[in-house]
Amino acid sequence: MEVTIDKNSGYCFGVEFAIKMAEDEMEVSDKLYCLGDIVHNDMEVRRLRDKGLVVIDREQLQELNDCKVLIRAHGEPPETYKMAIENNIELIDASCPVVLKLQHRVKTAFDKMEKEEGQIVIYGKKGHAEVIGLTGQTLEKAIVVMEDKDLEKIDFTKPVTLFSQTTKSTKGFYELKAKIEERIKAEKGEFNEFDFNANDSICRQVSNREPQLQRFAQENDVIIFVSGKKSSNGKALYQVCKNENERSYFVENEAEINPDWFKPTDRIGICGATSTPMWLMEQVMHHINSLEEGTLLENN
């Protein structure tokens, strides 16, 4: 078998930056807290926990004082920064620059929409860390849309400004954009630019991976997609692989690999989400390489 790792897979800049900040800070601090999992990958969370990173939730944050807390790449709403000041908490801010820029854009658009009695709509997963940070810029007034049924929350007689969670599917965003345009036209009998402002705010490091993964999935007989099960980006990118190659399998680690998936002559491609560490994909590759060819021949 020929086994290769997709050179474009693995951490995006934001995640890599956050993990480096956490590791650097743990070298000089007695204790470092992290508000939520630093990345949606249980294997990496476990590795950093073993190094001393303590994951907390928002309720636990309220009870902390005089300590250091890491803000992960997903960003945080304004309330978190306010609480940190009140509780004398030093924030190690590893918010992704792309997310911070989007937060500013959402806040600016929200102020404008308030004057025009319009609405901010965010294409994303309700409760996702990044989405919490985005809705926080709108006094929690933003409408979060993920499925068609969520469209019922929008008043199509009023102006709509649309943004996207940075890690969502580009295809999904433009499908939603078209549906909103149709609903506005159906409600008003016409459509003009004042009614709807759609902002493709998907991170290009994420969206560019879709065509790259399409090619990678076509070039290999079997795709092993490595990702944490909580990763929205992982689910979206895995579907890209599955659409191109029916023999695509989603695994969290090497323990979930089934030798029956492979034939001795297969070209096997390993890839992952923007939250998948390279060391984990390498671990999966070593495991596949260690499978005895005799076992594969026997199973096929």
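Fair warning: this is a prediction, and the values are worked out from it, not measured in the lab. Numbers here are sequence positions counted from 1.
Crowding of Lys101 atom NZ: a count of heavy atoms from other residues, nucleotides or ligands under 6.0 Å not exceeding 12. Environment of CD in Glu117: sparse, with no more than 12 heavy atoms of neighbouring residues, nucleotides or ligands closer than 6.0 Å. Residue Lys229 places its NZ atom among more than 12 non-hydrogen atoms of other residues, nucleotides or ligands, all under 6.0 Å distant. Enclosure of atom CD in Glu86 by more than 12 non-hydrogen atoms of other residues, nucleotides or ligands within 6.0 angstrom is indicated. Heavy-atom contacts from other residues, nucleotides or ligands closer than 6.0 Å to NZ of Lys188 number more than 12.
Here the straight-line distance linking atom CZ of Phe216 with atom OG1 of Thr4 works out to 4.0 Å at 0.5 Å rounding. Taking CG of Asp37 as the reference point, atom CG of Asp42 lies at 6.5 Å (rounded to 0.5 Å). Taking CH2 of Trp279 as the reference point, atom NE2 of His286 lies at 12.0 Å (rounded to 0.5 Å). Between the CD1 atom in Ile56 and the CD atom in Gln62 there is a gap of 10.5 Å [rounded to 0.5 Å]. From Leu176, atom CG reaches atom OG of Ser164 across 8.5 Å, with rounding to the nearest 0.5 Å. Note that CZ of Phe250 and CD1 of Ile224 are 12.0 Å apart. Values are rounded to the nearest 0.5 Å.
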Could you walk me through whether Glu76 and Lys82 pass the salt bridge (charged side-chain N to carboxylate O under 4.0 Å, His left out) check?
-> CA-CA 11 Å; Glu76 280 293 318; Lys82 181 182 176 185; over 6 Å; no
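Using a cut-off of 4.0 Å between Lys/Arg side-chain N and Asp/Glu carboxylate O, Lys126 and Asp150 are scored as not salt-bridged. The existence of a salt bridge linking Lys20 and Asp24 is confirmed by a sub-4.0 Å separation between a basic side-chain nitrogen and an acidic carboxylate oxygen. Remark: Arg215 does not engage Glu219 in a salt bridge, criterion side-chain N to carboxylate O under 4.0 Å. By the 4.0 Å N-to-carboxylate-O rule, Arg58 lies too far from Glu79 to be salt-bridged with it. Looking at Arg47 and Glu44, a side-chain N of the basic residue comes within less than 4.0 Å of a carboxylate O on the acidic one, giving a salt bridge. Here Lys177 pairs with Glu181 in a salt bridge; the nearest charged N to carboxylate O distance falls below 4.0 Å. Arg46 and Asp50 are not joined by a salt bridge, as no carboxylate oxygen comes within less than 4.0 angstrom of a charged side-chain nitrogen. In summary, Lys68 and Asp30 do not engage in a salt bridge, as defined by a charged side-chain N under 4.0 Å from a carboxylate O. Classification of Lys263 and Asp221 as a salt-bridged pair fails, no side-chain N sitting under 4.0 Å from a carboxylate O.
Contact record, Ala217 with Ile223: CA-CD1, 3.7 Å, taken as the closest heavy-atom pair. Minimum interatomic distance between Ser248 and Lys242 (heavy atoms only, all atoms of both residues): O-NZ, 3.5 Å. When all heavy atoms of Ser201 and Leu102 are compared, the pair lying nearest together is CB-CD1, 3.5 Å. Among all heavy-atom pairs drawn from Ala273 and Phe225, the shortest one is N-CZ, 3.6 Å. In terms of heavy atoms, Glu252 sits closest to Met43 at O-CG, 4.2 Å.
With sequence neighbours excluded, the residues that form a side-chain contact (heavy atoms from CB on, under 4.5 Å) with Asn258 are Asp260, Trp261. Looking at residues two or more places apart in sequence or on another chain, you find a side-chain contact (heavy atoms from CB on, under 4.5 Å) between His104 and Thr108.
Between the side chains of Asn65 and Asn88, no donor-acceptor pair of N or O atoms lies under 3.5 Å. For the residue pair Ser95/Asp93, the side-chain donor-acceptor check at 3.5 Å is satisfied.
Inter-residue side-chain proximity for Val39 and Leu48 is flagged as unmet; no heavy-atom pair is nearer than 4.5 Å.
The aromatic rings of His40 and His128 lie perpendicular to each other, with more than 60° between the two planes, well past the 30° mark.
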